Amino acid sequence: MNTSVENLRREYMQTRLDTESVAADPFRQFGHWLHQAYDAGIEEPNAMALATATPGGQPSCRVVLLRGISGGGFTFYTNYLSRKGEELQHNPHASLLFFWPQLERQIRIEGRIEQVTEAESDAYFATRPRDSQLGAWASPQSQAIQDRAELDRRLREAAQRFPEEVVRPAHWGGYRLIPHHFEFWQGRESRLHDRVRYNRVAVDEWAIKRLAP
Ligand SMILES: Cc1cc2nc3c(=O)[nH]c(=O)nc-3n(C[C@H](O)[C@H](O)[C@H](O)COP(=O)(O)O)c2cc1C
């Protein structure tokens, strides 16, 4: 079998997308596609690439899990002192990307990021399994550590410190990306894909355009 990436080729044939048939509100369009992704049995359709950048323009990218769409934005949870947290503190512009190959779909979302309220982070933290709650205390996310044993030791310390309820660490919580730009991409035959872009022109008003593939 030839596994060279230059020979991997696939035609996208499933369906189409156009500016007349999409929802006027990109959040509704997103919800519609997300439901279809769940129905198609895609594993973790809420996994999304999150791109951030330093003020100097060096981008970095990682996968996080979408935990809600509310307050006009997309919410995820993380360590505020992590690399992404550090970058967002100095540069709140960020981008999300969903890729669902089984549906031949990609969604790009761009906007500004803000921290969710402490009450919102507390409420979400309380729903996490105890081990994940302790993990938030144990892991100095994105920092260099000695070895796995250091993590295990930190986890034991956290478990001793919180024998019952685990309090949310102040450095762990949610971010909400408030979009000003969406793009929905549907793969089509011969690489002539359908792309529909939404640009925010007023609080609840979006300009919709087709983009060349
Ligand atoms: C499927 C998947 C889901 C993930 N979900 C999260 C998440 O919700 N929050 C998080 O902080 N890291 C999550 N991660 C780990 C991140 O990709 C990343 O390793 C971590 O956040 C550190 O990133 P940073 O050093 O750029 O801050 C996930 C990774 C994968 C592969």
Side-chain angles (χ1 to χ4, degrees), residues 27 30-31 33-103 105-152 154-155 158 162 166-179:
F27 287 96
F30 180 86
W33 274 24
L34 183 62
H35 273 116
Q36 290 182 344
Y38 275 112
D39 289 346
I42 292 175
E43 236 174 84
E44 296 198 297
N46 60 327
M48 54 188 187
L50 162 73
T52 56
T54 63
Q58 170 63 55
S60 69
C61 191
R62 78 290 287 154
V63 172
V64 294
L65 294 178
L66 175 67
R67 285 303 182 197
I69 304 173
S70 64
F74 291 76
T75 307
F76 60 91
Y77 287 86
T78 193
N79 186 315
Y80 290 142
L81 305 177
S82 63
R83 175 171 175 188
K84 70 183 92 52
E86 178 78 12
E87 291 181 2
L88 288 170
Q89 191 188 333
H90 298 290
N91 175 8
H93 304 286
S95 160
L96 303 175
L97 182 133
F98 295 82
F99 173 45
W100 299 321
Q102 296 89 331
L103 294 175
R105 285 176 173 170
Q106 167 180 247
I107 305 173
R108 296 164 64 172
I109 303 171
E110 288 158 33
R112 270 183 86 84
I113 284 204
E114 54 189 39
Q115 288 189 5
V116 306
T117 62
E118 303 231 336
E120 219 175 326
S121 289
D122 285 341
Y124 176 69
F125 189 77
T127 69
R128 303 184 88 212
R130 176 175 167 82
D131 283 351
S132 306
Q133 292 177 332
L134 291 173
W137 281 102
S139 170
Q141 192 175 56
S142 314
Q143 290 178 31
I145 53 173
Q146 200 60 41
D147 49 22
R148 184 83 206 181
E150 179 179 344
L151 213 50
D152 294 340
R154 285 168 160 272
L155 191 62
F162 301 102
V166 185
V167 175
R168 176 179 65 87
H171 62 259
W172 191 98
Y175 285 109
R176 177 174 287 118
L177 183 140
I178 312 287

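Please read all numbers here as calculations on a predicted model, not as lab measurements. For this chain, numbers begin at 1 and follow the sequence in order. Just so you know, ligand 1 is whichever comes first in the structure, and atom 1 is the first atom listed for that ligand.
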Student: Are any protein N/O atoms closer than 3.5 Å to the N/O atoms of ligand 1? If there are, list each pair with names and the distance to one decimal place.
Tutor:
residue: ligand 1; atom: 8 (O); partner: Leu65; partner atom: N; Å: 3.1
residue: ligand 1; atom: 9 (N); partner: Tyr77; partner atom: O; Å: 2.9
residue: ligand 1; atom: 11 (O); partner: Thr78; partner atom: OG1; Å: 2.6
residue: ligand 1; atom: 11 (O); partner: Gln141; partner atom: NE2; Å: 3.3
residue: ligand 1; atom: 14 (N); partner: Val63; partner atom: O; Å: 3.1
residue: ligand 1; atom: 17 (O); partner: Val63; partner atom: N; Å: 3.4
residue: ligand 1; atom: 17 (O); partner: Val63; partner atom: O; Å: 2.6
residue: ligand 1; atom: 21 (O); partner: Lys84; partner atom: NZ; Å: 2.6
residue: ligand 1; atom: 21 (O); partner: Gln141; partner atom: NE2; Å: 3.2
residue: ligand 1; atom: 23 (O); partner: Lys84; partner atom: NZ; Å: 3.4
residue: ligand 1; atom: 25 (O); partner: Ser142; partner atom: OG; Å: 2.6
residue: ligand 1; atom: 26 (O); partner: Arg62; partner atom: NE; Å: 2.8
residue: ligand 1; atom: 26 (O); partner: Arg62; partner atom: NH2; Å: 2.9
residue: ligand 1; atom: 27 (O); partner: Ser82; partner atom: OG; Å: 3.3
residue: ligand 1; atom: 27 (O); partner: Arg83; partner atom: N; Å: 3.3
residue: ligand 1; atom: 27 (O); partner: Lys84; partner atom: N; Å: 3.0
residue: ligand 1; atom: 27 (O); partner: Lys84; partner atom: NZ; Å: 2.9
residue: ligand 1; atom: 27 (O); partner: Ser142; partner atom: OG; Å: 3.3

Student: Is the closest side-chain heavy-atom distance between Arg67 and Phe76 below 4.5 Å?
Tutor: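 No, side chains not in contact.
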Student: For the ring pair Trp33 and Phe98, is the centre-to-centre distance below 6.0 Å?
Tutor: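 Centroid separation for Trp33 and Phe98: 6.0 Å or greater.
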Student: Taking the side chain as C-beta and beyond, is there a heavy-atom pair between Thr54 and Glu86 under 4.5 Å?
Tutor: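 No, side chains not in contact.
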Student: Does a side-chain heavy-atom distance below 4.5 Å link Tyr38 with Asn46?
Tutor: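 In short, these two side chains touch, coming nearer than 4.5 Å.
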Student: Quick one: sort the Trp172 and Tyr124 rings into parallel, tilted or perpendicular, breaks at 30° and 60°.
Tutor: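 Aromatic pair Trp172/Tyr124 classed parallel.
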Student: To the closest 0.5 Å, what do you measure between CZ (Phe99) and CZ (Arg105)?
Tutor: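 Reported to 0.5 Å precision, the distance equals 12.5 Å.
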